[in-house]
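So that the names make sense, note that chain A is the first sequence line, chain B the second, and so on, each numbered from 1.
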Amino acid sequence: MENQYIPENVEAKWQKFWAQNQSFKADTQTEKQKYYLLEMFPYPSGRIHMGHVRNYAIGDVVARFKRLQGFNVLHPMGWDAFGMPAENAAIEHGTHPGKWTYENIDSMRVQLKRIGLSYDWSREFATCDLDYYRWEQLIFLKMYEQGLAYKKTSHVNWCEDCQTVLANEQVEDGCCWRCHNQVVQKELDQWFFRITKYADELLDETWNLKGWPEKVLAMQRNWIGKSYGCEIEFAVKGTEGKVKVFTTRPDTLCGATFMSLAPEHPLVKTLVTDDQRTEVEAFIDEVSRQDKIDRTSGELEKKGVFTGSYCINPLNGEELPIFLANFVLMDYGTGAVMAVPAHDQRDFEFARKYHLPVKVVIQPEGDSLTADTLEEAMTGAGLLVNSGQFDGVPNEEAKEKIASFLDERGQGRLTVNYRLRDWGVSRQRYWGTPIPVIYCQHCGTVPVPEKDLPVQLPMDVEITGEGGSPLARHQDFLTVDCPTCGAPARRESDTFDTFVESSWYFARYACPQYAEAPLDSQEANYWLSVDQYIGGIEHAVMHLLYARFFTKVLRDLGLVDVSEPFTNLLTQGMVCKETQRCDEHGWLYPEQVEDGKCTRCGQSVALGRTEKMSKSKKNVVDPNQLIAKYGADTARLFSLFAAPPEKDLEWNEQGVEGCYRFLGRIWRAVHDNLELIGKGQNQDSLKDISSELRRKTHQTIKKVTEDVDGRFHFNTAIASVMELVNAIYGCDRNKENPAVLREAIESVVRLLSPFVPHICEELWQRLGYEGGIEAQGWPVWDAEALVTSEVELVVQVNGKVRGKIKVAADSDNTLLEQAALAEPNVARFVEGKQVRKIICVPGRLINVVVSG
RNA sequence: GCGAGAGUGGCGGAAUUGGUAGACGCGCCAGAUUUAGGAUCUGGUGUCUUGUGGCGUGGGGGUUCGAGUCCCCCCUCUCGCACCA
């Protein structure tokens, strides 16, 4: 055996072994319990980055650990393969998006395999495969039948550069999240999924998702934004019209002094008086030129204009002037707000600006506010005043009383409002799933009949990046006969948002080749839910909420039984690295810096802050280079050891070196002892041997098992194996029983195998085993080996450590107290004082409480 | 502003139920080996005093025999949401 650890000599060998033996193929014909482990699948950009390595290394530990524990593990991998980068590449290099994507997949597959991940590659698919997206089209047709997919005209965020619609969450600081171009408003006919129908279920089930991080659940609840309130109708003075408002504060109804409408409100036309028309139209024009993002930015100056009309407060008959205000949004609530300046800060500022009256209707207890002296809105609790029959009622109570009073008179009702909007899924793009719809002049919108599916994405397109989607110009694709009347018709040229593909891929992994339907229900019901899902926190709302929604839709379509896709969710932290900057050359890649100097100009390099690895800051480490230098096992080990999975990981080259050295250390631990432990084959009699090393071995097995199983504390698991390795190096090899030493060394190899599988397989073989390390299963600790006859206890005096004593493990308290007081340094601190009491914590410490 | 999380040596991080703060690793220091360097092995490493002692987990209070951990107040940072009516 070579006495030096050379990763390239072992890694390819074992990757080949796993492939040939189909070691990670999932199987449903088994008595074993199922375990479905999934990491978020990657976009095939062509190169893996350290974020992938970390995500997949974490998942692989869990997959291998569960397999060793005897579970039937499903651990699939595939590609989120539709999307804009493929089209951008086509524009830049003239390569077809399909060709580009499949070539990237081939190259990334090679890179992933080099990491030694335990995937069942037989289940691999890409979402751009016809055999995947055809089923998505069928799901759409079913949703359309159920009224869950519908079309409507809406104002959308539009990116001129990408010539496409962006969801609100795809707009960052008023710019496109992909190309950073300024986003504008545009009116378009769009397909929507009725996610709002599931708003309550999506919200309520967040309380049952015990295996999800609280942070993610909070973000989802926040996103759904359910609020209870009251709808109130205000009659418009002198007309039959009514303005409907939504408010969460019906208790402040009598404090309303004016009304604010969204400038887009449909009633505006009828409300504007001739005197005000010029002013109002100018205002509407001004607001329409601001984009939606600015409208909701919070920095926006509050502006408004009087319409000339008045409405009537249904409770006290007061007349309120109707304003338009730029901060009122048409798509939240009813697009109209009753303004209560005394008790709402925003209304307060607006009222002061336009010199509108302020009327206090809630008095906090022990205070008497007046409208004139108020410096900010009073939003707290109190008793009602100036509210007629409701005076003196605590405001919380008044909310319901006023609402039911209005309800009885047909002027209002208790309602629920959501922030969540329906999901717009139309994208004016080529590289996506075609939406299976046909537009006929006679029959209108006609879904493509099931028998005509799939609507295949044509490959003969020219992608120039100009003039919108290539599909919209592709005559062969567009031209079709109406399936209903046979007249010439036109195909929908929009494709789905790529979040649609990632909303059900986890279910398709259960039956990737199934050719009869989107899902083989038997297989899907066997494997779902995903027992553990692992991915980045950046998907906390969009992807995870859409996937939850789709699961409920699939359930209601009778395709699966489960209601939730992911039982447990782990959101891993980002991979960060220090940035480096040269005055002349800007941000520098790590390899452009030597001894703190820029390699191009020799100037000293300034260290920037530690940030998420990104190409723009050049603080990246290329996994391929890392693996070439140290091997996959070192890359994995560092990713797992440097921080717990959910926290950000700070990249540190010296830390990587340390991990590489540790692997060399275990290599030598086997190599240097191979001859010696050859005499220790018989491990039957180990139970009778009292040995510190044996105790340490079993303590380590226990610790690693508990750290990995459910807790995912891989860093501490690895640390404890390091301790065991230190103990192996530290023991006296002339005295130690060879069988004990063998057990310790074998345990190190077995315990580390989920983390660094290649080196462990190799060492396991060299220890004399054939057929792979998985055959042996996960080691089990011997509880008896953990028992010690003598324990060391800390002795405290008044909570401060003053000495240590060694006593028999089964000593009773009287004996412990005597031994503690007899300890010389303890005795010194106790001397001359009165012992009040002595607290004995078994196995831990003794605390002598003294006074005087 | 609202919501969530975090703050521990020179650094990454341990401490699972309130019970020896700093496991493990990096870095640094010393020794062994080596022609030398590297690699490897061994030991040391919170801090102030160096006396068998004091101080120490962002700051201040509290509960307790005992607090990094529980409670109250404050500071800082990170993430998410935000004219949401």
Side-chain angles (χ1 to χ4, degrees), chain A residues 4 169 213-223 225 227 229-230 245-249 252 260 262 295-302 325-329 331-340 344-347 349-350 379 417-419 537-538 540-541 573-574 637-638 641-644 646-659 661-662 664-665 668 703 706-707 711 713 715-723 725-726 729-730 792-804 824-825 828-829 836-851:
Chain A
Q4 215 189 333
E169 52 273 26
E214 195 47 48
K215 181 189 174 77
V216 174
L217 295 173
M219 282 164 73
Q220 294 214 348
R221 286 179 200 128
N222 202 330
W223 190 260
S227 59
C230 182
V245 305
F246 171 79
T247 179
T248 55
R249 297 293 305 272
T252 64
S260 308
R295 289 273 302 280
T296 59
S297 76
E299 320 278 89
L300 184 77
E301 190 194 353
K302 294 174 185 54
N326 59 350
F327 60 85
V328 180
L329 307 172
D331 58 7
Y332 184 79
T334 60
V337 183
M338 67 172 201
V340 185
D344 180 292
Q345 185 59 27
R346 195 180 35 190
D347 296 339
E349 286 169 32
F350 194 89
T379 54
N417 194 41
Y418 300 90
R419 204 186 79 103
I537 185 78
E538 64 272 22
V541 176
M574 297 181 298
L637 189 63
F638 179 75
F641 179 63
E646 66 278 7
K647 287 186 69 174
D648 286 352
L649 181 151
E650 194 182 320
W651 196 264
N652 176 318
E653 183 70 21
Q654 284 163 336
V656 177
E657 293 267 1
C659 287
R661 282 207 295 272
F662 173 66
R665 205 164 148 83
R668 286 186 298 277
K703 169 83 176 149
E706 290 172 351
D707 277 354
R711 249 167 53 101
H713 282 211
N715 54 336
T716 53
I718 293 164
S720 67
V721 179
M722 287 174 170
E723 285 186 61
V725 171
N726 290 344
Y729 272 80
E792 191 182 57
L793 294 183
V794 163
V795 184
Q796 301 180 329
V797 178
N798 285 350
K800 285 191 193 300
V801 179
R802 298 301 181 191
K804 289 174 185 179
N825 199 44
R828 200 168 65 85
F829 277 90
R836 293 275 176 204
K837 59 175 161 177
I838 300 177
I839 289 149
C840 295
V841 183
R844 295 220 181 249
L845 56 73
I846 299 155
N847 189 10
V848 183
V849 184
V850 298
S851 64

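- Side-chain contact annotation: A:Asn798 with A:Arg836, donor-acceptor N/O pair under 3.5 Å absent.
- Looking at heavy-atom distances under 4.0 Å, A:Phe829 makes contact with sugar-phosphate atoms alone, never a base.
- Both A:Asp707 and A:Tyr418 lie close to RNA chain B; mapped to their nearest nucleotides by heavy-atom distance, the more 5′-ward contact belongs to A:Asp707.
- For A:Lys804, whose side chain is taken as the heavy atoms from C-beta onward, the closest listed nucleotide among B:rU20, B:rA23, B:rU16 is B:rU20.
- Side-chain N/O atoms of A:Asn222 and base N/O atoms of B:rC81 include no donor-acceptor pair closer than 3.5 Å.
- Phosphate proximity of B:rG53 to A:Asn825: present, with a side-chain N or O under 4.0 Å from OP1 or OP2.
- A:Leu217 places its CG atom 13 Å from the C1' atom of B:rG80, with the value rounded to the nearest Å.
- A salt bridge links A:Arg221 with A:Glu214: at least one charged nitrogen is closer than 4.0 Å to a carboxylate oxygen.
- Across all strands shown, B:rC41 forms a Watson-Crick or G-U wobble pair with B:rG31, both key distances being under 3.5 Å.
- When the P atom is used for both B:rG58 and B:rA15, the distance is 16 Å, rounded to whole Å.
- Distance from the side chain of A:Gln654 is smallest for B:rG27 among the nucleotides B:rG19, B:rC84, B:rG27.
- In the set B:rA85, B:rG12, B:rA15, the nucleotide with an atom closest to the side chain of A:His713 is B:rA15.
- Against the 90° criterion about 0, the sugar-base torsion of B:rG9 places it in the syn range.
- Using a 4.0 Å heavy-atom distance criterion, A:Val337 is classed as a base contact.
- Not a single donor-acceptor contact under 3.5 angstrom links the side-chain atoms of A:Lys837 to the base of B:rC65.
- Remark: B:rC70 base-pairs with B:rG62. Criterion, Watson-Crick or G-U wobble with two distances under 3.5 Å.
- With no hydrogens or angles considered, a side-chain donor-acceptor pair links A:Asp707 and A:Thr716 at under 3.5 Å.
- Mapping A:Ala336 and A:Val541 onto RNA chain B by nearest heavy atom places A:Val541 closer to the 5' end of the strand.
- A donor-acceptor pair under 3.5 Å is formed between the side chain of A:Asp347 and the backbone N or O of A:Val340.
- Taking atom C1' in both B:rC24 and B:rG18, one finds a spacing of 24 Å when rounded to whole Å.
- Atom C1' of nucleotide B:rA21 and atom CG of A:Leu845 are separated by 14 Å, given to the nearest angstrom.
- In a base pair of the Watson-Crick type (N1 to N3 plus N6-O4 or O6-N4) or a G-U wobble (N1-O2 and O6-N3), with each distance short of 3.5 Å, B:rG9 is matched with no nucleotide.
- Within the 4.0 Å cut-off from OP1 or OP2 of B:rC81, not a single side-chain nitrogen or oxygen of A:Arg221 is found.
- Using N1 to N3 plus N6-O4 or O6-N4 for Watson-Crick, or N1-O2 and O6-N3 for G-U wobble, each under 3.5 Å, B:rG1 pairs with B:rC81.
- Here, B:rA23 and B:rG31 have their C1' atoms 25 Å apart, quoted to the whole Å.
- Looking at A:Arg802, its side chain never comes within 3.5 Å of a backbone N or O of A:Val797 through a donor-acceptor pair.
- At distances below 3.5 Å, not a single donor-acceptor pair connects side-chain atoms of A:Tyr332 with backbone N or O atoms of A:Tyr418.
- If you check every strand for non-hydrogen atoms under 4.0 Å, A:Gln796 touches a base.
- What separates CG of A:Asp331 from C1' of B:rA85 is a distance of 13 Å, to the nearest Å.
- Considering only the side chain of A:Arg665, B:rC41 comes nearest among B:rC41, B:rA23, B:rG3.
- At the heavy-atom level, A:Glu214 lies nowhere under 4.0 Å from the strands shown.
- Regarding contacts with the backbone of B:rC84, a side-chain N or O of A:Arg346 is found under 4.0 angstrom from either OP1 or OP2.
- B:rC55: Watson-Crick or G-U partner is B:rG46, with both key distances under 3.5 Å.
- Atom name C1', nucleotides B:rU69 and B:rU50: the rounded distance is 32 Å, in whole Å.
- Taking 3.5 Å as the limit, the base of B:rU20 and the side chain of A:Lys800 contain no donor-acceptor pair of atoms between them.
- In this structure, the nucleotide among B:rG54, B:rC26, B:rC65 sitting nearest to the side chain of A:Arg802 is B:rG54.
- Within the 4.0 angstrom heavy-atom criterion, only backbone atoms of the sugar-phosphate kind lie near A:Asn715; the bases stay farther away.
- Nucleic acid contact class of A:Pro213 (heavy atoms, under 4.0 Å, all strands): none.
- Distance CZ (A:Arg844) to P (B:rU20): 6 Å, rounded to an integer number of Å.
- Looking at the side chain of A:Lys302, the nearest of the listed nucleotides B:rC83, B:rG3, B:rA85 is B:rC83.
- Contact annotation: A:Arg828 side-chain N/O to B:rG51 OP1/OP2 distance is not under 4.0 Å.
- Rounded to whole Å, the C1' atom of B:rA14 lies 15 Å from the corresponding atom of B:rC26.
- Distance noted for atom C1' between B:rA67 and B:rA85: 45 Å (whole Å).
- Contact check, A:Asn726 against B:rG25: a side-chain N or O comes under 4.0 Å of OP1 or OP2.
- The side chain of A:Val794 sits closest to B:rU20 out of B:rU20, B:rG19, B:rC41.
- Closest to the side chain of A:Glu723, out of B:rA23, B:rC65, B:rG19, is B:rA23.
- We find that CZ of A:Phe641 is positioned 4 Å from C1' of B:rG25, with the value rounded to whole Å.
- The backbone N or O of A:Val848 lies less than 3.5 Å from no partner atom in the side chain of A:Gln796, so there is not a single donor-acceptor pair.
- The side chain of A:Thr716 lies closest to B:rA23 when the candidates are B:rC24, B:rA85, B:rA23.
- Remark: aromatic rings of A:Phe327 and A:Phe350 are close, center separation under 6.0 Å.
- Rounded to whole Å, atom C1' of B:rG80 lies 9 Å from atom CD1 of A:Ile537.
- One atom, CD of A:Glu706, and another, P of B:rU17, lie 12 Å apart when rounded to the nearest Å.
- B:rA15 makes up no base pair with any nucleotide shown, lacking Watson-Crick or G-U wobble contacts both under 3.5 Å.
- Using modelled atom types, no side-chain atom of A:Asn715 and backbone atom of A:Ala643 make a donor-acceptor pair closer than 3.5 Å.
- Separating the P atom of B:rU47 from that of B:rU42 is a span of 24 Å, rounded to the nearest Å.
- Rounded to whole Å, atom P of B:rU16 lies 8 Å from atom CZ of A:Arg711.
- Between A:Arg668 and the phosphate of B:rC41, there is a side-chain N or O to OP1/OP2 separation shorter than 4.0 Å.
- If you check every strand for non-hydrogen atoms under 4.0 Å, A:Arg419 touches a base.
- Side chain of A:Tyr729, nearest nucleotide from B:rU20, B:rA14, B:rU42: B:rU42.
- Under the Watson-Crick or G-U wobble criterion, with both distances below 3.5 Å, B:rU20 has no partner in any strand shown.
- Judged by distance alone, with hydrogens and angles left aside, the side-chain atoms of A:Asn417 form no donor-acceptor pair with the main-chain N or O of A:Ser227 at under 3.5 Å.
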